[in-house]
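Quick notes on the structure that follows.
What you are looking at is a predicted structure, and each value in this text was computed from that prediction instead of being measured. Basis for what follows: all heavy atoms, side chains included, without hydrogens, waters or symmetry-related copies.
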Amino acid sequence: GVSVLLLRACLALLASPIYLLSFLGIWEPFCKKVFFPFLLEKICLSHDKKSKKHKQELFRNLPDFRGPSGALRLLEIGTGSGSNFQYYPPGCKVTCTDINPSFQESLAKSMKKNQHLQYEGVLVAAGEDLGQVPSGSVDVVVCTLVLCSVHSVSSTLREALRVLRPGGAFYFLEHVAAERSSWTYFWQQVCYPTWKLIFAGCCLTRELWKNLEEAKFSELKIQHISLAMPWMPIEPHIVGYGVK
């Protein structure tokens, strides 16, 4: 406990300019508009390479969830710059949602690049509040690297289940807390406050598998995997899907 607090203080000292800007109310808007989208793009390039085969495997059975009309209506929570588009099947009808409108430029580029999809709309909305989307209106909800930073995981899962039709599926790939006894968990504890500030609210120690087990899925497939991200305490991930 003491060593965690001591190392936390050292990190906070190193990041003191950011803490000061945050205190003055300058950091959050700058982070949202400029820093976080820029940083995320860089990290995503590395993360996408590492997670590619897991995503290919994960999204392989998307067509199984086509609706009665034969179309696949997919809603993505936290679309960001659209790095998942390449994995969606041709003709898939995609609704993009993100709480941060600063991604829209890079999102437009991804849409141009992925013309095998039909884009139904882009909503600025939090995962906890998809009020603009009617209940039971989509076949699939996708959420990758988003549950770490939503305000409420359980509300987000509730909303995902609400917008899904019965028999629809919620797909996820998320970084999670490491084993409590591991060094990774120790470093997650140390980095937690500074990391959360720099990465726009991202929490390192969420045990998201527990939230998924508590949500009301009729069937849930979860796999614990490890993605080596050099110098980053986000190795442990979970991947899978739940059926409404």
Side-chain angles (χ1 to χ4, degrees), residues 40 43-44 47-48 50-65 72-89 92 94-100 103 123 125-130 133 138-178 188 199-227 229 232 234-244:
L40 204 66
I43 292 171
C44 275
H47 193 278
D48 286 344
K50 301 262 163 93
S51 59
K52 186 163 187 149
K53 64 175 203 303
H54 295 290
K55 283 187 177 179
Q56 284 169 335
E57 187 61 38
L58 172 65
F59 293 128
R60 186 171 292 158
N61 67 345
L62 275 176
D64 297 354
F65 292 99
L72 181 70
R73 296 159 307 168
L74 183 150
L75 178 138
E76 184 163 356
I77 296 175
T79 312
S81 52
S83 61
N84 289 327
F85 291 166
Q86 53 182 312
Y87 303 106
Y88 300 158
C92 179
V94 180
T95 300
C96 309
T97 73
D98 205 293
I99 193 169
N100 188 346
F103 285 109
L123 310 175
E128 298 91 332
D129 180 19
L130 300 171
V133 183
V138 298
D139 305 304
V140 167
V141 172
V142 172
C143 191
T144 63
L145 301 185
V146 172
L147 293 177
C148 55
S149 54
V150 295
H151 286 299
S152 163
V153 178
S154 51
S155 308
T156 303
L157 292 176
R158 251 201 312 280
E159 272 294 78
L161 279 161
R162 178 187 68 77
V163 302
L164 278 173
R165 65 167 173 80
F170 174 79
Y171 282 75
F172 56 88
L173 184 143
E174 299 283 346
H175 69 82
V176 291
Q188 285 179 334
F199 289 90
C202 169
C203 299
L204 288 171
T205 54
R206 287 188 174 170
E207 298 177 323
L208 294 169
W209 60 91
K210 293 181 179 171
N211 302 93
L212 286 156
E213 281 156 8
E214 283 159 18
K216 303 273 188 282
F217 290 107
S218 63
E219 177 190 340
L220 182 62
K221 295 196 186 314
I222 296 190
Q223 200 187 346
H224 288 257
I225 61 169
S226 177
L227 294 182
M229 299 291 291
M232 299 182 93
I234 55 169
E235 262 176 52
H237 283 63
I238 52 170
V239 60
Y241 64 92
V243 180
K244 178 169 172 177

Within the 6.0 Å centroid threshold, strictly below: Tyr241 and Phe170: no
With rounding to the nearest 0.5 angstrom, report the [atom1] to [atom2] distance, [X] to [Y].
X      : Y      : atom1 : atom2 : answer
Phe103 : Ser81  : CZ    : OG    : 6.5 Å
His237 : Trp209 : NE2   : CH2   : 12.5 Å
Cys148 : Leu208 : SG    : CG    : 7.5 Å
His175 : Thr205 : NE2   : OG1   : 10.0 Å

Restricting to non-hydrogen atoms, name the atom on [X] and the atom on [Y] that form the minimum distance, rounded to 0.1 Å.
X      : Y      : value
Lys55  : Asp48  : NZ-OD1, 3.6 Å
Glu128 : Thr156 : CG-OG1, 3.5 Å
Asp98  : Gly80  : OD2-N, 2.7 Å
Gly240 : Leu58  : O-CD1, 3.3 Å
Asn211 : Leu157 : O-CD1, 3.6 Å

Counting neighbours of NE2 on His151 that are heavy atoms of other residues, nucleotides or ligands and sit closer than 6.0 Å, is the number greater than 12? no
Salt bridge flag under 4.0 Å for residues Arg60 and Glu57: yes
If we only count heavy atoms from C-beta on, is the Val146 to Phe172 side-chain gap below 4.5 Å? no
Check whether any side-chain heavy atom of Arg165 sits under 4.5 Å from a side-chain heavy atom of Asp139, and report yes or no. yes
Taking side chain to side chain donor-acceptor pair (under 3.5 Å) as the definition, give me every residue that meets it alongside Lys52, ordered by chain and number, with sequence neighbours left out. none
Name all residues meeting the side chain to side chain donor-acceptor pair (under 3.5 Å) criterion together with Glu76; count only those two or more places apart in sequence or in a different chain, and write none if there are none. Asn84, Tyr88
